[in-house]
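Each remark here refers to the structure printed beneath this line.
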Amino acid sequence: TQLLEQSPQFLSIQEGENLTVYCNSSSVFSSLQWYRQEPGEGPVLLVTVVTGGEVKKLKRLTFQFGDARKDSSLHITAAQPGDTGLYLCAGGGGADGLTFGKGTHLIIQP
Amino acid sequence: DAGITQSPRHKVTETGTPVTLRCHQTENHRYMYWYRQDPGHGLRLIHYSYGVKDTDKGEVSDGYSVSRSKTEDFLLTLESATSSQTSVYFCAISEAQFTDTQYFGPGTRLTVL
């Protein structure tokens, strides 16, 4: 069974600070997705990375897929209150479809 | 945004009653999924479908059944609801492969009293 561990589970920081959240596994994934979920809504896809070492940027968000395709990170620069939410990573390529991490709850305080 | 709707959005029911949740998509995607999301457990796959009338079990399928008679509709049925099935249920779709990126509906909050 493939598992994805996300850290930290909870993070509360001030507006303007930088942060990094992590998604780690001992398994290799063919792709990795990051989603953001706001209260009362479904997860919304932010990015998909498929190549080891790949880096993608989405405005102030930078996503990196590890060289061995076992881990990923999400870095947010100058966090804003609108970045608040639950960040989920999901790995593709397993026999059971996507494997989801339990998420990082992020709160950006004004 | 992917065209995925779920109905109802909220439901309160009593233990032992049957409940059916509906997922409707307008994207013509082949794969459809039902997940439940609970604190401390994250998203867990209940059942999925890889085509009309083609379905299979996920990680937490006990107590649930599904049906897909049309490409656009995927139904989740709780034959006899229990309090342990109180949860938020999400439908998702993906285009071509089981491991493709998935797009989620808005969710159904189900409370079983």
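What you see is a predicted model; the values in this text were computed from it and never measured. In the text below, chain A, chain B and the rest are named by the order of the sequence lines, each starting its count at 1.
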Do B:Val66 and B:Val52 share a hydrophobic cluster, counting only Ile, Leu, Val, Met, Phe, Trp and Tyr and linking them when any side-chain heavy atoms are less than 4.5 Å apart?
no
Take A:Tyr35 and B:Gln102 through the test side chain to side chain contact (heavy atoms under 4.5 Å, CB included) and record every step on the way to the result.
CA-CA 10 Å; A:Tyr35 296 82; B:Gln102 295 181 14; 3.9 Å; yes
Hydrophobic cluster identity match, A:Leu46 and A:Val21, side-chain contacts under 4.5 Å:
yes
Carefully, step by step, assess A:Leu45 and B:Tyr103 under the rule side chain to side chain contact (heavy atoms under 4.5 Å, CB included).
CA-CA 7 Å; A:Leu45 179 71; B:Tyr103 300 92; 3.9 Å; yes
Starting at OH of B:Tyr35, measure out to CG of A:Leu98 and round the result to the nearest 0.5 Å.
5.0 Å
Should the heavy atoms of other residues, nucleotides or ligands under 6.0 Å from NZ of A:Lys56 be counted, would the total exceed 12?
yes
Region of A:Gln6 that comes under 4.5 Å of a non-hydrogen atom in chain B
neither
Is the count of non-hydrogen atoms from other residues, nucleotides or ligands lying under 6.0 Å from B:Glu14 atom CD greater than 12?
no
List the steps and the verdict of side chain to side chain contact (heavy atoms under 4.5 Å, CB included) for B:Gln37 and A:Phe100.
CA-CA 11 Å; B:Gln37 187 175 39; A:Phe100 283 87; over 6 Å; no
Are there over 12 heavy-atom neighbours, none belonging to A:Gln9, within less than 6.0 Å of that residue's CD?
no
Measuring heavy-atom distances to chain A, does B:Arg9 have an atom under 4.5 Å in its side chain, in its backbone, in both, or in neither?
side chain
Using the rule that Ile, Leu, Val, Met, Phe, Trp and Tyr join whenever any side-chain heavy atoms are under 4.5 Å apart, tell me whether A:Tyr22 and A:Leu106 fall into a single cluster.
no
Kindly give the heavy-atom pair with the smallest separation between B:Phe104 and A:Pro43, and that separation in Å.
CB-O, 3.5 Å
Can you tell me which portion of B:Gln6 sits under 4.5 Å from chain A's heavy atoms? Options are side chain, backbone, both or neither.
neither
Restricting to non-hydrogen atoms, name the atom on A:Gln37 and the atom on B:Phe90 that form the minimum distance, rounded to 0.1 Å.
NE2-CZ, 3.3 Å
Once you round to the nearest 0.5 Å, how far does CG of B:Leu43 lie from OG1 of A:Thr99?
11.5 Å
Of all residues at least two apart in sequence or in a different chain, which pass the ring pair (Phe, Tyr, Trp, His ring centres under 6.0 Å) check with A:His105?
A:Phe10
